Protein chains: 2
Amino acid sequence: MKAAPAEFRALCHRHRLAATHQRQVIYEAVMSLPGHPSPEDIYEKARKSIPSISLATVYKNIRAFLDKGLLQEVSLHHGSLRVDANHDPHHHLVCTRCRSIMDLDEAEMVPPRFRQKLPRGFKVLRISVDVLGICAECASKKARRA
Amino acid sequence: MKAAPAEFRALCHRHRLAATHQRQVIYEAVMSLPGHPSPEDIYEKARKSIPSISLATVYKNIRAFLDKGLLQEVSLHHGSLRVDANHDPHHHLVCTRCRSIMDLDEAEMVPPRFRQKLPRGFKVLRISVDVLGICAECASKKARRA
DNA sequence: TATTAGATAATAACTATTGTCATTCATGAA
DNA sequence: TTCATGAATGACAATAGTTATTATCTAATA
Ligand SMILES: [Mn+2]
Ligand SMILES: [Mn+2]
Ligand SMILES: [Zn+2]
Ligand SMILES: [Zn+2]
């Protein structure tokens, strides 16, 4: 087996994760892929090093990396489609623990604006701001438990 | 069959949708439900009026409403989890047509700020801005086709 | 009337993701 | 260096969300 670079071992140790070979290969796959890869992309890449690796292991490790803050989810998924009939300009407070969604009136935020003109020929339709964090209810639950 | 209110007929006509009974019941279900209901929520509610309605009909109509802009998706889903290893503060340009994701450096936007202090005991962890629109490639494709 | 299009309902198929569990492995202590 | 222990893995099943297919019905059209 190829020697694991010290940096990865240190990274894992810092985050209290066992430095396994699979974990390292998955991590390197993520880092080597451009843009915002999907679990399937990462799986395909990791398979080049470990053909026997399982997709579930990839999912489990992505989850671990996300939990530890090594990676971030591009736009948080709520488990199923969530529909919004509110046409007033507004944003959302999203609890990362219970996934609850609350409206946040646009007036409560400084409206997001671009410094430059439209970037890279992109035609903007709307700007969606998700304020991610812990809702009051979850925060109190956690405090009580701790 | 209960007579369809004129407003719904007008709404459908404006968006080039047939004003069917099911469609109206689904629409009213969405409007009557608080917050950001899921297809399942809407299905359960619609079933109170039309017990025989199918979940597929609900999905199809939600999709139609989304396409026509009558409803919006809370945070746009990319089909699968997308992972981001970029730790620099940045936002995303998301094409609603091809679902491609591009990074947008935070410096290119006025950083989102709250006017008031933290709303409703919510502990903010991070702010995720999705700039939704049509990417250059899709725009040119559409132009060529039209 | 004959043809067509649109809507619905039932269901099959597909994709993404998670759970179970036996086996193996990493790690820190002795 | 062992060794005990819990964590991680892989095979696989299961579930959830969603989309596609199809037959049927109805309404509009020629
Ligand atoms: Mn909303
Ligand atoms: Mn990014
Ligand atoms: Zn919460
Ligand atoms: Zn595009």
Side-chain angles (χ1 to χ4, degrees), chain A residues 1-6 8-30 36-44 46-47 49-68 70-71 73-83 99, chain B residues 1 3-4 8-9 11-13 15-27 29 36-44 46-47 49-68 71 73-83 99:
Chain A
M1 195 213 283
K2 170 187 149 196
F8 182 72
R9 309 209 61 133
L11 188 69
C12 282
H13 189 255
R14 234 177 304 139
H15 290 281
R16 259 133 272 240
L17 288 169
T20 69
H21 183 215
Q22 285 84 345
R23 189 158 280 163
Q24 178 171 7
V25 165
I26 291 166
Y27 185 76
E28 282 167 1
V30 173
H36 305 87
S38 68
E40 207 67 39
D41 295 334
I42 296 163
Y43 176 55
E44 284 313 319
R47 247 141 64 99
S49 299
I50 311 177
S52 67
I53 200 168
S54 92
L55 182 57
T57 298
V58 172
Y59 268 100
K60 271 178 250 192
N61 279 292
I62 291 173
R63 186 59 48 204
F65 291 147
L66 290 172
D67 289 347
K68 300 294 184 179
L70 264 95
L71 298 176
E73 196 170 341
V74 170
S75 38
L76 191 136
H77 188 228
H78 306 287
S80 66
L81 176 68
R82 294 314 184 80
V83 145
R99 306 252 145 156
Chain B
M1 195 213 284
F8 182 72
R9 308 210 61 130
L11 188 69
C12 282
H13 188 255
H15 290 280
R16 261 132 269 242
L17 287 171
T20 69
H21 183 215
Q22 283 79 353
R23 189 160 279 163
Q24 179 172 4
V25 165
I26 291 167
Y27 184 76
H36 305 88
S38 68
E40 209 68 39
D41 296 333
I42 296 163
Y43 176 54
E44 285 312 320
R47 245 141 67 97
S49 299
I50 310 176
S52 67
I53 200 168
S54 91
L55 183 56
T57 299
V58 171
Y59 267 101
K60 235 180 284 183
N61 280 291
I62 292 173
R63 186 59 52 201
F65 291 146
L66 290 172
D67 288 347
K68 300 296 184 177
L71 298 177
E73 196 170 341
V74 170
S75 33
L76 193 137
H77 188 229
H78 306 288
S80 67
L81 176 69
R82 295 314 185 79
V83 146
R99 307 253 145 154

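Remember, predicted model here, so these are calculated numbers, not experimental data. Chain letters run A, B, ... following the sequence lines, proteins first and then strands; every chain starts at 1.
In this structure B:Tyr59 satisfies the ring-ring contact (aromatic ring centres under 6.0 Å, His included) test with no other residue, sequence neighbours excluded. Here B:Tyr43 pairs with nothing under the ring-ring contact (aromatic ring centres under 6.0 Å, His included) rule; sequence neighbours left out. Partners of A:Ala10 according to the side chain to side chain contact (heavy atoms under 4.5 Å, CB included) rule, which considers only residues two or more places apart in sequence or in another chain, are A:Arg14. Evaluation of the side chain to side chain contact (heavy atoms under 4.5 Å, CB included) rule for A:Glu44 yields A:Glu40, A:Arg47 as partners, not counting sequence neighbours. Scanning for side chain to side chain donor-acceptor pair (under 3.5 Å) contacts around A:Thr20 gives an empty result, with sequence neighbours left out. Residues passing the side chain to side chain contact (heavy atoms under 4.5 Å, CB included) test with A:Ala56, sequence neighbours excluded: A:Ser54, A:Lys60. By the side chain to side chain contact (heavy atoms under 4.5 Å, CB included) test, A:His78 pairs with A:Leu76, A:Arg82, A:Val94, A:Ile101, B:Val74, B:Ser75, sequence neighbours left out.
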Between the protein and nucleotides 5-12 of chain D, which nitrogen or oxygen pairs are less than 3.5 angstrom apart?
from: D:dA8; atom 1: OP1; to: A:Arg23; atom 2: NH1; distance (Å): 3.0
from: D:dA8; atom 1: OP1; to: A:Arg23; atom 2: NH2; distance (Å): 3.4
from: D:dT9; atom 1: OP1; to: A:Thr20; atom 2: OG1; distance (Å): 2.5
from: D:dT9; atom 1: OP2; to: A:Asn61; atom 2: ND2; distance (Å): 3.0
from: D:dT9; atom 1: O3'; to: A:Gln22; atom 2: NE2; distance (Å): 3.1
from: D:dG10; atom 1: OP1; to: A:Gln22; atom 2: NE2; distance (Å): 3.1
from: D:dG10; atom 1: OP2; to: A:Thr57; atom 2: OG1; distance (Å): 2.8
from: D:dG10; atom 1: O6; to: A:Lys60; atom 2: NZ; distance (Å): 3.1

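In this structure, A:Leu66 places its CG atom 10 Å from P of C:dT18, rounding to the nearest Å. Atoms CG (A:Leu76) and P (C:dT17) sit 12 Å apart, rounded to a whole Å. At whole-Å resolution of the value, CD in A:Gln24 and C1' in C:dC25 are 15 Å apart. One atom, CZ of B:Arg47, and another, C1' of C:dT8, lie 16 Å apart when rounded to the nearest Å. The nearest whole Å value for the distance from the CZ atom in B:Arg63 to the P atom in C:dA7 is 17 Å. The interatomic distance linking A:Arg82 (CZ) with D:dG17 (C1') rounds to 12 Å, in whole Å. Atom CG of A:Asp67 and atom C1' of C:dT17 are 15 Å apart (whole Å). What separates NE2 of A:His77 from C1' of C:dT15 is a distance of 12 Å, to the nearest Å.
With hydrogens and angles ignored, the 3.5 Å screen pairs no side-chain donor or acceptor of A:Asp67 with any backbone N or O of A:Ala64.
Taking the side chain as every heavy atom from C-beta outward, B:His36 and A:Val83 never approach each other to under 4.5 Å.
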Between A:Leu17 and A:Lys68, is the side-chain contact (heavy atoms from CB on, under 4.5 Å) condition met? List the steps. CA-CA 9 Å; A:Leu17 288 169; A:Lys68 300 294 184 179; 4.1 Å; yes
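When heavy atoms are screened at a 4.0 angstrom cut-off, A:Leu55 is found touching base atoms of the nucleic acid.
When the C1' atoms of four end pairs are superposed on the next four at each end of the helix from C:dT1-D:dA30 to C:dA30-D:dT1, using five pairs per end, the two resulting axes differ in direction by 30°, to 10°.
Within the structure, a side-chain polar atom (N or O) of A:Tyr59 is placed less than 4.0 Å from OP1 or OP2 of C:dT17.
Taking the six-membered ring where the residue is Trp, A:Tyr27 and A:Phe65 present perpendicular rings, their angle passing 60° and hence far from 30°.
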Scoring nucleotides 23-30 of chain D by protein non-hydrogen atoms under 4.0 Å (B base, S sugar-phosphate only, - none) yields --------
